[in-house]
Structure formats: C-alpha cells, structure tokens
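We number each residue from 1, following the sequence as shown. These numbers were taken from a predicted model, which means no experiment stands behind them. We use all heavy atoms of the structure for the numbers below, so side chains are in, but hydrogens, waters and symmetry mates are not. Atoms within a ligand are numbered from 1 in the order they appear, just like the ligands themselves.
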Amino acid sequence: MQTGGECDTLRALMEIVLATRNKKKVEEIRRIAVGLPITILSLDDFPDCPEVVEDQNTFEGNATKKAREIARCSGKPSLSDDSGLAVDALGGKPGVFSARYAPDAADGNDPKNYEKLLRDLEGISGERRSARFVCCIALAFPEGEVRTFFGFAEGKIGHAPRGERGFGYDPVFVPEGFDRTFAEMAPQEKDVLSHRGKAIEKLSEYLHFFAKH
Ligand code: IMP
C-alpha cells in the first residue's frame, strides 16, 4: 500500500540521492540503474549531509538508517545499500562487519579482509565453504516512509584470490554454477548475478510500476 507522500514524490520523477561515498558502489549502482526513470545524485551534491554511522546489527537496519537520515537532510528521496558476505561455516560472518573484518583493514576494498577470511577457512573444504552476498536497498522519502528491497548471490569461497576486477571480496567469491570468481567476470556479467544487481532489479520493478501509474 503506497502512502500519499510516497506517490507524490515518485510521480514528480525523480532525483534520488545515493547515500554512500563508496565510489565503486556509486559506479556499480549508476551502471545498473541505466534505463530507470530516475536521476541519481551523489552525496557530493549535498556536502552538508552528515556521515551516517552504520551501527545496526542487520543489513536492513543499516540501509534504512542511512537512507532515512540522508532523505531528511537532503529533502529528496534517498537510496542506500548495505551489503556484505555471510559465510555459513563462520555462522554468517563477516556479515554486517564485512567492510572491517580484518582489524587493520583500511576500508571495505582492502585485501586484508579476504586474506583473513581465507585464514579463518583454512582446513574447511568443498561444500562447507558455502556463502552468500546479501544486499538490502532502502529507499527513504523525506516524508518518512521507507521501502526495502533484498538481493542474494549464492556461491562458495575459493582457496586463493583470483582476478583483478570488482572490489572487496570479489577475488575469493565463486558464484553458484560458475568456476570463476566475481573478480574474473566482466562488470555486466557480475551485475546479472550479484546481490546488488538483484536488489536493484526489484527496485527497478517498483519504480517502473510508479512511472506507469
Ligand atoms: P557496506 O555495504 O558499504 O557497509 O560494505 C559492505 C562490504 O561488504 C564492502 O565494503 C565489501 O567489503 C563487501 N561487499 C559488499 N558487496 C560486495 C561485492 O559486490 N563484492 C565484494 N565485496 C562486497
């Protein structure tokens, strides 16, 4: 059920502020969002918006918090994504701590994170290396409503890093049905399989629905 504020804002299509300063993610979301009835603005267009602390213990909690705060301070709908890697043999870790799994990692792109993951999985073989990337996208409206969209990419953690593309854990993540890592795939190939691609696909269906009604 859509509320009045949500409909009005969507019909006035539509500038959306991306609530992230991660340039790789902005690049990836812009690329996937080509063709959607939206214009994507970045946080650089709103220098006064604060840095939002990701201190929630779920992807949904963090995505919702970031999108809400940026929508409030920019006065425009805001889109935020929180994502990470959940490894079954580690009880779902690194999860919401993916960007800072290794204590000395500089950021979420630091190879130290996947190097720690490979060490933690030493001695664990085959099926027991199953994992999934999870992405929750939150779309928040200045009036306060929030919608969330989830995407998952199932796969396995390899035994050594392979490939130069992508970011974060891509060199050690082998998606289901493939024997190459995300870092060995062309960007468009990753987009179709990725958690973020799938969550954006759901967002896209939602936005197209509103563009037509
Ligand atoms: P956040 O969503 O910015 O909090 O960061 C999540 C972290 O999860 C990133 O910094 C990466 O380390 C990891 N991550 C999320 N999505 C991907 C992906 O598509 N490939 C590789 N690593 C990812």
Applying a strict 4.0 Å limit to heavy atoms, is Asn113 in contact with ligand 1? no
Does Phe182 have a non-hydrogen atom less than 4.0 Å from ligand 1? no
Determine whether Lys190 and Arg165 make a side-chain contact, defined as any pair of heavy atoms from C-beta on separated by less than 4.5 Å. no
Contact atoms of ligand 1, heavy-atom distance to Glu54 under 4.0 Å: 4 (O)
For atom 5 (O) of ligand 1, which candidate among Ser98, Ser83, Ala105 holds the nearest heavy atom? Ser83
Ile70 vs Phe46, test: side-chain contact (heavy atoms from CB on, under 4.5 Å). Steps then yes/no. CA-CA 9 Å; Ile70 300 302; Phe46 299 91; over 6 Å; no
Note: Arg132-Asp88 ion pair, threshold 4.0 Å (strictly below): yes
Check ligand 1 against Gly84 and write out every atom of the ligand that is under 4.0 Å from a heavy-atom position of the residue. 8 (O)
Specify whether Phe133 and His195 have parallel, tilted or perpendicular ring planes, treating 30° as the upper limit for parallel and 60° as the lower limit for perpendicular. parallel
Salt-bridged, Lys156 to Glu176, with N to O below 4.0 Å? no
Using non-hydrogen atoms of the residue, decide whether Gly166 is closer than 4.0 angstrom to ligand 1. no
Which ligand 1 atoms are under 4.0 Å away from a heavy-atom of Lys190? 18 (C), 19 (O), 20 (N)
Quick one: does Leu85 get a heavy atom under 4.0 Å from ligand 1? no
Is Asp82 in polar range of ligand 1, meaning some N or O pair under 3.5 Å apart? yes
Main-chain N/O of Val172 paired to Thr181 side chain as donor or acceptor, under 3.5 Å: no
Is it true that a side-chain atom of Lys198 and a backbone atom of Phe150 form a donor plus acceptor pair closer than 3.5 Å? no
Decide, yes or no, whether a salt bridge links Lys93 with Asp120 under the criterion of side-chain N to carboxylate O below 4.0 Å. no
For ligand 1 and Lys66, I'd like to know whether there is a polar contact (N/O to N/O, distance under 3.5 Å). no
Answer yes or no: is there an ion pair linking Lys65 with Asp82, defined by an N-O contact shorter than 4.0 Å? no
If you take the nearest heavy atom of each of Phe133, Phe59, Phe173, which one is closest to atom 14 (N) of ligand 1? Phe133
With a cut-off of 4.0 Å, which atoms of ligand 1 are near a heavy atom of Gly108? 10 (O), 11 (C), 12 (O)
Quick check on contacts: which atoms of ligand 1 are under 4.0 angstrom from a heavy atom of Arg196? 15 (C), 16 (N), 17 (C), 19 (O)
Taking the minimum heavy-atom distance to atom 18 (C) of ligand 1, which of Tyr114, Phe167, Phe97 ranks first? Phe167
